[in-house]
Amino acid sequence: MRIALLFSLILVLSACAHSPSKDTEVPMEQVEIRLDLAERYLWDDEPRMALEQLRIIEGAATDNQRLHFVFGLAYTVLDDLPKAAASYRQSLEINPSSGEAWNNLGQVRQAMGQFEEAKQAYEMALQQGDYMTPEFAAFNLASLYAAQGQWDQALDWSSTGIEKNRRYIPLYEQSAEFFRTTERYQEAAKILEAGVEARPDNIRLKLMLAEELLSIGREQDAKKWFNRIIQRDPQSEEGRTAQHYLEIL
């Protein structure tokens with residue numbers, strides 16, 4: 001199973017006239033260039049090419065936290081989860097405050113069926129004050145609890161994620177799904193209303209809200225949202241779906 005990676009790559013690519021072998025000492029100025037190139041290969045879905053670049057500089061950058069983190073990304077894409085976990089652990093030994101590495105380690109542990117270890121990793125990610133995207137770890141932690149049928153904890157973490165980033169749409173979708181699964185339909189509509197308020201530009205959330213309102217008997221409110229969706233973008237998939245609902249109603 002391929003894990004969806006939640007990371008952002010800043011690519012600064014430079015041409016290299018000489019590509020040293022593993023046995024050749026790599027000048028330190030080339031380390032960052034090779035790391036950038038490895039990230040670019042990952043972006044282009046070429047993880048084996050990324051590994052080639054990382055192995056060239058491995059001996060010269062053993063204390064480089066980013067090297068081990070990118071190794072972890074490459075092994076994750078290749079579904080070599082034990083090596084991915086080991087690489088993230090090495091990254092965290094160098095920089096234990098990396099929320100991104102803790103979150104990714106949690107994803108790998110979860111994929112390996114190590115659920116308690118995954119929870120601990122996600123929780124560690126959320127404890128890091130300089131973690132720029134804590135909503136990712138909260139979303140993952142909520143999903144893990146939901147997979148185990150622990151709905152109250154799942155909803156708590158989903159709510160925590162929304163508190164950390166009110167504009168992160170997947171958390172509203174996730175919360176609404178949890179509420180529906182536990183037959184709390186009024187609360188599902190309420191969280192989607194909050195999502196539309198936070199992201200009034202998102203037509204998908206509006207359609208989800210309209211459908212939820214319709215399911216709980218608020219037909220007139222649903223119609224208002226269907227009409228707003230059609231006014232916003234009648235040719236979109238959401239617009240066509242809204243038009244279909246109105247024709248039936």
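In terms of modelled atom types and a separation under 3.5 Å, the side chain of Trp102 and the main chain of Pro96 share a donor-acceptor contact. Within the 3.5 Å criterion, the main-chain N or O of Arg166 finds a donor-acceptor partner in the side chain of Tyr172. At distances below 3.5 Å, not a single donor-acceptor pair connects side-chain atoms of Ser91 with backbone N or O atoms of Ser87. Here the side chain of His68 pairs no donor or acceptor atom with the backbone of Ala86 at under 3.5 angstrom. Between the side chain of Ser158 and the backbone N or O of Ala154 there is no donor-acceptor pair closer than 3.5 Å.
Between atom NZ of residue Lys164 and atom OG of residue Ser159 there is a gap of 11.0 Å, rounded to the nearest 0.5 Å. Rounding to the nearest 0.5 Å places CG of Leu42 at 8.5 Å from CG of Leu78. Taking CE from Met124 and OG from Ser97, the interatomic distance works out to 9.5 Å, rounded to the nearest 0.5 Å. Distance check: Trp225 CH2 to Glu212 CD gives 14.0 Å after rounding to the nearest 0.5 Å. We find the CG-CD distance between Asp152 and Gln150 to be 9.5 Å, quoted to the nearest 0.5 Å. Rounding to the nearest 0.5 Å places CG of Asn95 at 7.5 Å from CG of Leu92.
Within 6.0 Å of NZ in Lys223 there are more than 12 heavy atoms belonging to other residues, nucleotides or ligands.
Heavy atoms only, all atoms of each residue included: Gln174 and Ala142 are closest at OE1-CB, 3.4 Å. The two residues Leu171 and Gly161 make their nearest non-hydrogen contact at CD1-C, 3.3 Å. Scanning all heavy atoms of the two residues, the minimum distance from Ser98 to Gln128 falls at C-CG, 4.5 Å. Of all non-hydrogen atoms in Ala74 and Pro47, the two that sit nearest each other are O-CB, 4.0 Å. Closest heavy-atom contact between Asn227 and Leu246: OD1-CD1, 3.3 Å. The shortest non-hydrogen separation linking Ala137 to Ala125 is CB-CB, 3.9 Å.
The same ILVMFWY cluster, assembled from side-chain heavy atoms under 4.5 Å apart, contains both Ile57 and Leu51. When hydrophobic clusters are built by joining Ile, Leu, Val, Met, Phe, Trp and Tyr residues whose side-chain heavy atoms come closer than 4.5 Å, directly or via intermediates, Ile229 is not grouped with Val196. Leu81 and Leu73 fall within a single hydrophobic cluster, where Ile, Leu, Val, Met, Phe, Trp and Tyr side chains are chained together by heavy-atom contacts under 4.5 Å. A chain of hydrophobic side-chain contacts below 4.5 Å, direct or via other Ile, Leu, Val, Met, Phe, Trp or Tyr residues, connects Tyr168 to Leu192. Both Phe115 and Leu126 are members of a single hydrophobic cluster when ILVMFWY side chains are connected at heavy-atom separations under 4.5 Å.
Residue pairs meeting the salt bridge (charged side-chain N to carboxylate O under 4.0 Å, His left out) criterion with at least one member in residues 117-146, sequence neighbours excluded: Glu116-Lys119. Listed by first and then second residue, the side-chain hydrogen bond (donor to acceptor under 3.5 Å, both in side chains) pairs that reach into residues 233-247 are Glu211-Tyr245, sequence neighbours excluded. A side-chain hydrogen bond (donor to acceptor under 3.5 Å, both in side chains) check over residues 192-205, counting only residues at least two apart or in different chains, returns the pairs Glu173-Arg204, Glu193-Arg218, Arg199-Asp201.
With a 4.5 Å cut-off on side-chain heavy atoms, Asn64 and Val31 count as touching. Within the 4.5 Å cutoff, side-chain heavy atoms of Leu213 are placed close to those of Leu209. Put simply, the side chain of Thr160 does not reach to within 4.5 Å of the side chain of Leu141, judged on heavy atoms. Under the 4.5 Å side-chain criterion, counting only non-hydrogen atoms from C-beta, Leu155 is in contact with Arg184. You'll find the side chain of Asn103 stays beyond 4.5 Å of the side chain of Thr133, heavy atoms only. Looking only at side-chain heavy atoms (C-beta outward), Arg66 and Glu39 come within less than 4.5 Å of each other.
Remark: the Glu52 side chain and the Tyr41 side chain contain no N/O donor-acceptor pair separated by less than 3.5 Å.
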Side chain to side chain contact (heavy atoms under 4.5 Å, CB included) evaluation trace for Thr182 with Glu187: CA-CA 10 Å; Thr182 54; Glu187 290 174 271; over 6 Å; no
Worked verdict on Leu249 versus Leu214 for side chain to side chain contact (heavy atoms under 4.5 Å, CB included): CA-CA 10 Å; Leu249 295 172; Leu214 187 61; 3.9 Å; yes
Derivation of the salt bridge (Lys or Arg N to Asp or Glu O under 4.0 Å) call for Arg40 and Asp44: CA-CA 6 Å; Arg40 179 53 187 261; Asp44 291 338; 3.2 Å; yes
Steps toward side chain to side chain contact (heavy atoms under 4.5 Å, CB included) verdict (Thr76, Asn104): CA-CA 9 Å; Thr76 302; Asn104 287 11; over 6 Å; no
Working for side chain to side chain contact (heavy atoms under 4.5 Å, CB included), residues Tyr122 and Leu105: CA-CA 8 Å; Tyr122 292 140; Leu105 178 61; over 6 Å; no
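Taking the ring centroids of Tyr88 and Phe69, they lie under the 6.0 Å cut-off.
Each of Tyr145, Trp151, Trp157, Tyr185 was checked for a ring-ring contact (aromatic ring centres under 6.0 Å, His included) with Phe178, and the lone residue meeting it is Trp151. A side-chain contact (heavy atoms from CB on, under 4.5 Å) with Leu37 holds for exactly one of Gln53, Glu32, Met49; it is Gln53.
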